[in-house]
Amino acid sequence: MGGGFYISKFVGVVGIVFGAGAVATIIALAVVYSQEVAKNEAVSPTNGGSTVKPPVTTPGGSTVKPQVTTPVIPTTAPSNEPWDKYRLPDTLKPDHYNLTLWPRLTVNAQGLYIFTGKSYVVFKCVKETDLILIHSNKLNYTKWGDDHLAKLSALGSTPAPTIKKSWLQPTTQFLVLELNGKLADGESYQLDTVFVGELADDLGGFYRSVYTEEGEKKVVATTQMQPTDARKAFPCFDEPAMKAIFHITLLHPPTTVALSNGMEHAPVEVNEEGPEGSVRVWRTSFDETKKMSTYLLAFIVSDYDYINSTKDNVLIRIYARKKAIADGQGEYALNKTGPILKFFEKYYNATYPLPKSDQIALPDFNAGAMENWGLITYRETALLYDPKMSSNSNKERIATIIAHELAHMWFGNLVTLRWWNDLWLNEGFASYVEYLGANEAEPDWNIKDLIVLGDVHRVFAVDALASSHPLSSKEEDIQKPEQISELFDAISYSKGASVLRMLSDFLSEVVFSKGLGTYLNTFAYDNTVYTDLWDHLQMAVNSTGTSLPTGQTVHSIMNRWVLQMGFPVVTINTATGLITQQHFLLDPATAGSVPPSDFNYEWIVPIRWMNTGVVQQQTWLEDKTANKPEMIVTENNWILANLNVSGYYRVNYDNANWERLLVVLSSHHESIPVINRAQLVDDAFNLARAKYIDTTLALRTTKYLRSEREYMPWESALDNLDFFYLMFDRSEIYGDMQTYLKYQIEPLFKHFGNITGNWTEVPTGHMDQYNQVNAIRVACSTGMEECQTLTKGWYSQWMKDSANNPIHPNLRTTVYCSAIAAGGAAEWEFGWDQFKAATIAIEADKLRSALACTKQPWLLNKYLEYTLDATKIRKQDATSTIVYIASNVVGQSLAWDFMRDRWNYIFTQYGGGSFSFSNLINGVTKRFSTEFELKQLKQFQADNSEVGFGSGTLAVSQSIERTTANIKWVAENKDSVQAWFKTEVPKE
């Protein structure tokens, strides 16, 4: 399709590449920048979207105010002018871009890292207009001969109208060109620009990442475009539906490596004129891209090395720091990428659409990873694996994130959703099939089961709040960059994954993947809305004769899960066979504040169930209530519903059935499938929170754990008991809880001691390795002497000989935490020194979390100060470190005071990602359960209403809602919980 001007020709077309015009721009940039620094208003946080938990843009004025070369028309009151709206008009459609960028990896005379660029876009006019709007953010433009910011030419026989006025509109992030005549419908035009931007360290757009290798500081120029930051790298029609072909050229220092979406050509050495004079550089051009969205573009210049392999004519390369490659840290990713790609080709019934799959590990990266087409970017911890340093959970994270990103190569990249309001389908889908892809890479792990803990249970907690939101938003409600960024949340990722898994389950995987295949084939290189997928799944249902409830379609069933928030609790009365459903709210008192729903908060619910260990035929609940006589049981028989938690709902029973299930758990728990043992615990605790059952009934589901050896039920119980710890670890109940849990964990601790040759090996099973960590963590934190002696011994052995760490990578996070908590300044300082010396990010991360475990307030305060010093804690890690400190009961109030005092600074400097703000606010306030804390929280909201909370705005209201619920819960349950633990504590 693309055609047009090719790269070599393009250099001639534009003439002087980066001439004297740019010098004035750069000087202006430097002057403005120094003023900004003086005011301590450094780069406003920008977006970083993407896969693993997300970002926020604070638009409104570019950091670098381009006063000298670029007129900016101030916006006063919002107008009805097209340039004051956030969406592009429907008048122009891009065909292809030609883009040359030259990032400087050293500072210029003004002390700035910059990049210079020139680009042209060829677009078609599809509706007559005398206005061109193209996205641009934080770029300064060199004026052309006619004193305008761009040059317009016609590609047909009719000349292009001249430019009347050109300016930048910072609020809506547009470069605006008003014309003296109209662009003609059906005609093609070319728009040329020459520009300069800052290669900032803000993790968005074209940015810099810095690391040290063998004592030398190295700079990487890299990108993160999703959702709305391509416009920060070059002027573009920056909406997902504005697909085009991109011809990219990078100018870069000799011997550095340039990468982009297309396959690179051999670099050519050239002399390039820049503001700094003539510079010898390499010019690397790339194959033109496929027709694609701007948010999937990537270009990177680095001093990296790589390893590669070829699978079915697809070149697979893993890029990383030279030392990381030399140490073999890319091997695991390289070995698993091929099989995962093959799996998805089969699953989608579509070959991989590109000739290469590059994956690169970056020292500074806000999200977990980003699915740029053909050049996937990762945090180092999400791609690099070192068997000597990495735990099995690190390995699992790498396998699932690679699978998540590769899933997007088709679903999201080849076929792209038209607008961000359907983001949930893109991210929810990848968050579901990442488990399928990882299962292909590691078939012995049973990883598909872990979606229940990792996504279903995780998101139930959020989706049971009155402040939740539906999966799908209205297009008109999602306009501004920060609104888009707010969508990158647990609902989009985890609820999206959960309901798609349910859909695949009731249709069957064969029918689901058949519908996917025709969807991808029909809409390749195009854009869709989520209902297009329902159409194709319905076609697969029809062609295979798959049965759905009478009169129902994929649309009618799924609308209820997608267009209304929340989920049901299904209550089964095994005495009468009556089944009912109700919108499940963690705090029933909030029912009045729930927004109305067209479906009245009723769902069409698929129910897989068993009767006394025997699986029955699936049934459906289509109304508020139904009679199911087959579910009546008597005496010792029992009913268990939502097998394998394949449905997105909770289950409650009549009291007699609960009692029978408790008997089964305590006498022969294996007759209940392992996922459902985890479900029973999680459902019971949450049903108790919502007052469907007594809190003591929920606590009783943990009594059988003395004989449980499986990971999932233990993890479910510990997750739920965490809430009790958050509520009571500052009260008199804490002692009895500790004693009870120490008694419950003892057999598990001894079990792992026995099967690992007294802690000298690790268990073979993936889940067993996880549960070994639980055994040590809980035994040590509840004060089991044998455990504490073990962990302190390992750590002191390491302190004596720091070159030889005796602690297995799986156990490091928990052992470091336990030893630092039990120790003092010496243990903490040793941990800090090891953190600074760590050469692999995964090891640094383990130490970073463990340093927050100390019980010494002065050390925690020192650590909090470190979080805002980017030379000590990377910007990408600042907010999670504060949350680690807040998770420590001693650090809770310190972190809260710290966050309140520094909010303005944190917000302006560290807003690199939407998840980071919501995670920070939720993380620091999760223990709140007193009127005093609620008052402080509301005061915090009021005090900072001017500064704002960015993507954390919803998190503040969720925290207030959660604190209010916690206060009530503690008042209602404290006495009975205290009495229960007292009676259950084993008598010495």
Side-chain angles (χ1 to χ4, degrees), residues 2-27 29 96-110 112-122 139-142 144 151 190 192-199 206 208 218-223 233-235 245-289 297-306 319 356 358 360 374-375:
F5 294 98
Y6 287 94
I7 307 291
S8 55
K9 191 170 176 185
F10 153 55
V11 175
V13 172
V14 176
I16 298 169
V17 186
F18 304 117
V23 179
T25 309
I26 291 165
I27 292 168
L29 197 61
H96 64 275
Y97 294 78
N98 234 312
L99 170 65
T100 297
L101 287 169
W102 182 8
R104 311 304 205 273
L105 303 188
T106 52
V107 292
N108 64 8
Q110 289 78 31
L112 276 178
Y113 287 92
I114 61 153
F115 63 90
T116 47
K118 63 195 174 75
S119 91
Y120 69 76
V121 55
V122 170
L139 297 173
N140 281 23
Y141 291 82
T142 299
W144 294 75
K151 184 178 87 169
Q190 178 173 317
D192 290 77
T193 51
V194 177
F195 51 91
V196 58
E198 188 194 349
L199 196 69
F206 202 13
R208 74 178 187 272
K218 301 274 179 84
V219 176
V220 179
T222 183
T223 53
F234 68 107
I245 287 165
F246 297 84
H247 303 262
I248 289 171
T249 300
L250 291 174
L251 303 173
H252 53 105
T255 76
T256 55
V257 177
L259 295 171
S260 187
N261 305 79
M263 191 67 198
E264 71 277 6
H265 305 164
V268 180
E269 195 162 317
V270 293
N271 280 327
E272 206 60 68
E273 288 297 323
E276 60 271 70
S278 180
V279 184
R280 200 150 192 71
V281 293
W282 280 2
R283 185 172 77 224
T284 300
S285 55
F286 300 86
D287 286 349
E288 65 174 49
T289 67
L297 283 168
F299 18 89
I300 302 175
V301 173
S302 71
D303 183 35
Y304 274 14
D305 207 348
Y306 71 95
Y319 281 87
K356 70 159 173 115
D358 286 341
I360 186 166
L375 176 55

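These values consider heavy atoms only, across backbone and side chains, with no hydrogens, waters or symmetry-generated copies.
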F299/F286 aromatic ring centres below 6.0 Å: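 Not under 6.0 Å, so no.
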First locate atom [atom1] of [X], then atom [atom2] of [Y], and finally report the distance between them rounded to the nearest 0.5 Å.
| X | Y | atom1 | atom2 | answer |
| --- | --- | --- | --- | --- |
| T222 | L375 | OG1 | CG | 7.5 Å |
| F115 | F206 | CZ | CZ | 6.5 Å |
| T116 | N140 | OG1 | CG | 12.5 Å |
| S260 | H247 | OG | NE2 | 12.0 Å |
| T106 | I114 | OG1 | CD1 | 9.5 Å |
| T256 | D303 | OG1 | CG | 7.5 Å |

Look at the side chain of [X] and the backbone N and O of [Y], then say whether any donor-acceptor pair between them is shorter than 3.5 Å.
| X | Y | value |
| --- | --- | --- |
| S278 | N271 | no |
| R208 | V219 | no |
| N261 | A298 | yes |
| K356 | G374 | yes |

Test side-chain contact (heavy atoms from CB on, under 4.5 Å) applied to Y97 and L297, step by step: CA-CA 12 Å; Y97 294 78; L297 283 168; over 6 Å; no
Give me the atom names and distance for the closest heavy-atom approach of [X] to [Y].
| X | Y | value |
| --- | --- | --- |
| L199 | A221 | CD2-CB, 3.9 Å |
| H265 | T284 | O-CG2, 3.6 Å |
| T249 | S285 | OG1-CB, 3.8 Å |
| G274 | R104 | CA-NH2, 4.1 Å |
| I360 | I300 | CG2-CD1, 3.6 Å |
| P253 | V301 | CD-CG1, 4.3 Å |

V279 vs W102, side-chain contact (heavy atoms from CB on, under 4.5 Å): CA-CA, chis, key distance, verdict: CA-CA 11 Å; V279 184; W102 182 8; 3.9 Å; yes
Side-chain heavy atoms of D358 within contact of Y319, under 4.5 Å: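 Of all side-chain heavy-atom pairs linking Y319 with D358, at least one is under 4.5 Å.
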Close side-chain approach of E264 to L259, heavy-atom, < 4.5 Å: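 Touching, per the 4.5 Å side-chain cut-off.
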Ring geometry between F195 and Y141 (parallel below 30°, tilted from 30 to 60°, perpendicular above 60°):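 Geometry flag for F195 against Y141: tilted rings.
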Worked verdict on V220 versus Y304 for side-chain contact (heavy atoms from CB on, under 4.5 Å): CA-CA 9 Å; V220 179; Y304 274 14; 4.0 Å; yes
